[in-house]
Each structure stands twice: as structure tokens, then as C-alpha cells.
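Worksheet: the structure to be examined is printed underneath.
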Amino acid sequence: MAVEKTPVPVLMQMAAHPLRWALLTELAASDRRVRELVAAVGEPQNLVSYHLRLLRSAGLITARRSNFDGRDTYYHLDLPSCGTAFAEAATALHPALVPAASQEVTGGAVLFLCTGNSARSPMAEALLRHRSGGRVEVASAGSHPKPALHPNTVRVMGGGVRH
């Protein structure tokens, strides 16, 4: 009986190679031309170009022509694609590693309680209400409530706190 192998996520395939990791690291700092990458990683141009092509085909980097004269090509890290690839790799390793932003809140009720109910708990209430998209019933309260929200709470929350 053969054991089914789990496919290795694209990010892991690409980033596991030392030269590709070095290229990704360089591109995380700034956009670079091929000759700049060659100098930074100390490898021949044909090898650097080969690995740049692999990274582009994996969707981790993109290229654009120079705005000045169109002769130079600048490579840069595609941050949204890299973020998605990191999330997919983490999830493939273990479901508990699913990034918090992609974990959906599905319902329930939450009460945030603090002493004065003038800053922390109203902010937590507003944040959860926003993050849950209204799928969670949220309230805040205080054991010794203040008559009004602290002015800085209103300022920080942009006036979006209901009390």
C-alpha cells in the first residue's frame, strides 16, 4: 500500500533553493536589475536569469521595464502573491497555522468588560464588530462605568465607536 504524498507548496519549492532565497531576500529590500542581482548574489548572469524566470513563473516576483528608456528590466517582489503563498504553505503544514486574518468568525456573543468602559472595552467591541462583519453579537460594559467615552478613544477610533 503506497502512502499518498502531500504536494510541496510552491513557495517552499521556490524558497528552498539557496540562490532563489537570496534573490527573494534582495528583492524584498528593493527593486533590482539583473546585473545588480548578479553582483549581490555573486552568481553568473545566466544562472540568475534562470532562477528569476522560475520565481516569475511561480508568481512570487514580477518584472517591469524602466520608465526612463524601457531598456532596463526591474524585478520586484510581488508582496500580495508572496503573502498568499506563505499562508497556503502554513495551512498545508497544519490547519492551526491558518493566518488569523483568514479565519472566519462564524457567530456567537462576546462581552468585553473593563472598569470604566471608556476606552479598552469599547475599542475591543468596535474592532470585533468590524472584523466579524456583524456575525457576532458584541457589547462592552464597565464595573464602574464612566459617564462618557474618553476623548482619545473617540479620536483614535475615528468617531466609529457606538456607546
| field | Spacing of Met12 atom CE and His17 atom NE2 [to the nearest 0.5 Å] | value | 15.5 Å
| field | Same cluster (ILVMFWY, side-chain, under 4.5 Å), Leu24 and Val34 | value | yes
| remark: Ser118 and Ala148 have their tightest heavy-atom pair at CB-O, 3.6 Å
| request: Report yes if the side chains of Arg120 and Cys114 come closer than 4.5 Å at any heavy-atom pair, otherwise no. | output: yes
| task | Check whether any side-chain N or O of Ser57 sits under 3.5 Å from a backbone N or O of Leu54 as a donor-acceptor pair, and report yes or no. | result | yes
| Once you round to the nearest 0.5 Å, how far does CH2 of Trp21 lie from NE2 of His51? | 15.5 Å
| field | Spacing of OG belonging to Ser66 relative to CG belonging to Asp31, to within rounding of 0.5 Å | value | 11.5 Å
| query | Does a sphere of radius 6.0 Å around NE2 in His130 hold more than 12 heavy atoms from other residues, nucleotides or ligands, not counting ones at 6.0 Å or beyond? | reply | no
| message | How close do Ser49 and Gln45 get, counting heavy atoms only, and between which atoms? | response | OG-NE2, 2.6 Å
| remark: Tightest non-hydrogen contact, residues Arg65 and Arg71, listed as NH1-O, 3.3 Å
| task | For Thr153 and Leu149, indicate whether the former's side chain and the latter's backbone hold a donor-acceptor pair under 3.5 Å. | result | no
| Val10, Leu79: one ILVMFWY side-chain cluster at the under-4.5 Å cut-off? | yes
| Can you find a heavy atom in the side chain of Leu37 that is under 4.5 Å from one in the side chain of Leu27? | yes
| Contacts of Leu111 that satisfy side chain to side chain contact (heavy atoms under 4.5 Å, CB included) - sequence neighbours left out | Ala139, Ala141
| task | Look only at the side chain of Arg20 and the backbone of Gln13, and say whether a donor-acceptor pair between them is shorter than 3.5 Å. | result | yes
| task | For Ser121 and Glu125, test the side chains for any donor-to-acceptor distance below 3.5 angstrom and give the result as yes or no. | result | no
| query | Considering residues at least two apart in sequence or located in another chain, which fulfil the side-chain hydrogen bond (donor to acceptor under 3.5 Å, both in side chains) criterion with Glu43? | reply | none
| query | Are a donor atom and an acceptor atom from the side chains of Ser140 and Asn117 found within less than 3.5 Å of each other? | reply | yes
| Euclidean distance, Asp72 CG relative to Arg33 CZ, rounded to 0.5 Å | 5.0 Å
| request: Please round to the nearest 0.5 Å and tell me the distance separating atom CD of Glu36 and atom OG of Ser30. | output: 7.5 Å
| Test item: Leu60 and Asp78 side chains (from C-beta on) under 4.5 Å apart, heavy atoms | no
| field | Derivation of the side chain to side chain contact (heavy atoms under 4.5 Å, CB included) call for Thr84 and Ser81 | value | CA-CA 5 Å; Thr84 299; Ser81 293; 5.7 Å; no
| request: Give the minimum heavy-atom separation between Gly142 and Pro145, together with the two atoms involved. | output: O-CD, 3.3 Å
| With distance as the sole test, does Arg64 use its side chain to make a donor-acceptor pair with the main-chain N or O of Thr73 at under 3.5 Å? | no
| said: Is there a path of hydrophobic side-chain contacts, each under 4.5 Å between heavy atoms of I/L/V/M/F/W/Y residues, joining Met123 to Leu127? | reply: no
| field | Side-chain heavy atoms of Leu97 within contact of His94, under 4.5 Å | value | yes
| task | Check the hydrophobic clustering (I, L, V, M, F, W, Y; side-chain heavy atoms under 4.5 Å; chains of links allowed) and say if Leu77 and Phe86 are grouped together. | result | yes
| task | Flag yes if Leu113 and Val136 sit in one hydrophobic cluster, no otherwise; membership is Ile, Leu, Val, Met, Phe, Trp, Tyr, and two members link when side-chain heavy atoms are under 4.5 Å apart. | result | no
| request: Could you tell me whether Arg32 sits above the aromatic face of Tyr75, with NZ or CZ closer than 6.0 angstrom to the six-membered ring centre and within 45 degrees of the axis? | output: no
| request: Check Val41 against Ala22 and note the closest heavy-atom contact, atom names and distance. | output: CG1-CB, 3.8 Å
